[in-house]
Amino acid sequence: MAGLVPAIHVLDTEKKDVDARHEAGHDGKIDDLMPSLPSSVDIAIIGAGAAGLGAANALKDSGLSVIVLEARMRVGGRGHTIMATPDIAFDAGCGWLHSADKNSFVEIAGQLNFAIDKTRPPWREQSFDTGFPLAERMDFIKALDAFYDRAEEAAKSGRDSAANSYLEPGNRWNPMIDAISTYVNGCELDQVSIQDMDAYEDSEINWRIRRGYGALMAAYGAHCPLALNTQVTLIDHSGKRVRIETSRGTLAASKVIVTVPTNLIADESIRFHPPLPAKVDAARGLPLGLADKVMLALEDPDALPKDGNLRGATMRTAMGSFHLRPFGQPCIEGFFGGSFAQALEDAGSGALAAEAIDEIASLLGSDFRRKLKPLAESRWSHDPFARGSYSHALPGHAGDRAVLAVPVDGRLFFAGEATSPNFFSTAHGARDSGERAAEEVVAMLTKS
Ligand SMILES: Cc1cc2nc3c(=O)[nH]c(=O)nc-3n(C[C@H](O)[C@H](O)[C@H](O)COP(=O)(O)OP(=O)(O)OC[C@H]3O[C@@H](n4cnc5c(N)ncnc54)[C@H](O)[C@@H]3O)c2cc1C
């Protein structure tokens, strides 16, 4: 299909074609090789990301006929591990098991024999103290924590407002507090609801999957009934059964679970007939922010600490954050968020890598220009089946998560990270929401 852009750009010409073929999404030529769609099922699940797979796994022993319709040629959605080299696993989407003590993927990892790494995240560190000495870091963390306390206190009133209202006027750390928001929310604080920020449950325990979070999701989806390369364009719920139009034909279902990212509902790239304006409005109140990652191979890795960290700059919002040698691998993973990530994506392939190398070289010395080789970078806002990274509620729109989650007419059910009341924007929040939607479907069928 013309005009589709892969979520991941592999910065190596040999791999580029393979990458584009596997990432670009629907491909007409591949249709001929795919098994045909069933004409009718009890339950159709739209999207094979964490939410869709959570729903499909929950329905495994239900005795109902189920199909997961997925536009891409792979499962996992915004969870995607690629082997950037034979020894470097790169999670281009989710990487951290956030709130790991409450994260349902922890148990799944155990069941599927995926080793968990419990090394503490280095986010508050600056390796070698370079460009950001300890005393300055302590001062920044004090300002950051004070900002969170003010926003939390304000949220208790029940009124909503934009989080940037709680920055202390004139505080020198404000640009950097905003930078943290671009990583956490995928956008600057003026677009973040304090009620939504307050609803998020963070136990501050963060673990990782050694072989990759995306690889775990792929294993979790391995036994689900899937139709890949199948883009849903219309959900017609005007008749007795729901009619679903896809790029590979039409099928009918009794119940449908929709798990696609909010931006696709908001811009009606997946349509409902009759239309569902309340869902479209809710999705517009919960846009996906942007976070992008870049993976750089590192020559002479022993010169840098395992699981170290660097912030590219301190006094501005437009800067990267760099995880040195994740799991001890010979590489550096860069992370960019918000409007800076958008500008880098828009600047074209290779811009994230170039910026990352500039920032690292300015901290560690120009020698590093020679020691770093770009391997891959994500482009989530240009990905036609994501159009962003994770949802945040706009000021005044925290209640939209519940509106988006509510079923329609006992036949259309909604899941996906944006519908999670307290673990939104995460992979486990998405998975749990899929399970919740599956339970709603079963309860409805039992009632009727
Ligand atoms: C860079 C980045 C870093 C992240 N870091 C973390 C992290 O460390 N920890 C964490 O927990 N979370 C993280 N996340 C967020 C996490 O990845 C997502 O919240 C989660 O994976 C979303 O799952 P989902 O099922 O709701 O949506 P998705 O994964 O987007 O799944 C939806 C599926 O629907 C498919 N689809 C879309 N349109 C159609 C259509 N028309 N027809 C058929 N199928 C369609 C898509 O292809 C996709 O597979 C990160 C995300 C990104 C991008």
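Note: hydrogens, waters and symmetry copies are ignored here, and every other heavy atom, side chains too, is used. Remember, it's 1-based here, ligands and their atoms both numbered in the order they're listed. This is a predicted model, so every value here is computed, not measured.
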Considering the heavy atoms of His98, write down every atom of ligand 1 situated less than 4.0 Å from one of them.
-> 7 (C), 8 (O), 9 (N), 10 (C), 11 (O)
Would you check the N or O atoms of Gly416, main chain and side chain alike, for any that come under 3.5 Å of an N or O of ligand 1?
-> no
Proximity of Trp96 to ligand 1 by residue part, where a heavy atom lies under 4.0 Å | both
Those atoms of ligand 1 less than 4.0 Å from some heavy atom in Gly95 | 5 (N), 6 (C), 7 (C), 8 (O)
Specify side chain, backbone, both or neither for Pro261, according to which of its non-hydrogen atoms lie closer than 4.0 Å to ligand 1.
-> side chain
Report yes if the distance between the aromatic ring centroids of His428 and Phe423 is under 6.0 Å, otherwise no.
-> yes
Taking N or O atoms only and a 3.5 Å limit, does Val232 qualify as a polar contact for ligand 1?
-> yes
Thr230 neighbourhood, listing ligand 1 atoms whose heavy-atom distance to it stays under 4.0 Å | 42 (N), 43 (C)
Ala51 heavy atoms, cut-off 4.0 Å: which ligand 1 atoms fall inside?
-> 25 (O)
Identity and distance of the protein heavy atom lying nearest atom 31 (O) of ligand 1 | Gly49 CA, 3.3 Å
Determine whether the side chains of Ser254 and Arg241 contain a donor N or O and an acceptor N or O closer than 3.5 Å.
-> yes
Distance-only polar pair, side chains of Asp307 and His323, donor-acceptor under 3.5 Å = yes
Counting each atom of ligand 1 from 1 as listed, which ones have a heavy atom of Thr259 under 4.0 Å away?
-> 32 (C)
So which of Trp96, Tyr183, Phe335 actually passes ring-ring contact (aromatic ring centres under 6.0 Å, His included) with Trp123?
-> Trp96
Out of curiosity, is Gly76 lining ligand 1, as in a heavy atom under 4.0 Å away?
-> yes
Contact atoms of ligand 1, heavy-atom distance to Ala92 under 4.0 Å = 1 (C)
Would you check if the distance from the ring center of Phe424 to the ring center of Tyr390 is below 6.0 Å?
-> no
Does some non-hydrogen atom of Ala50 fall short of 4.0 Å from ligand 1?
-> yes
Hey, are Arg248 and Thr230 close enough side-chain-wise for a donor-acceptor pair under 3.5 Å?
-> yes
For ligand 1, note which part of Phe385 has a heavy atom under 4.0 Å away: side chain, backbone, both or neither.
-> both
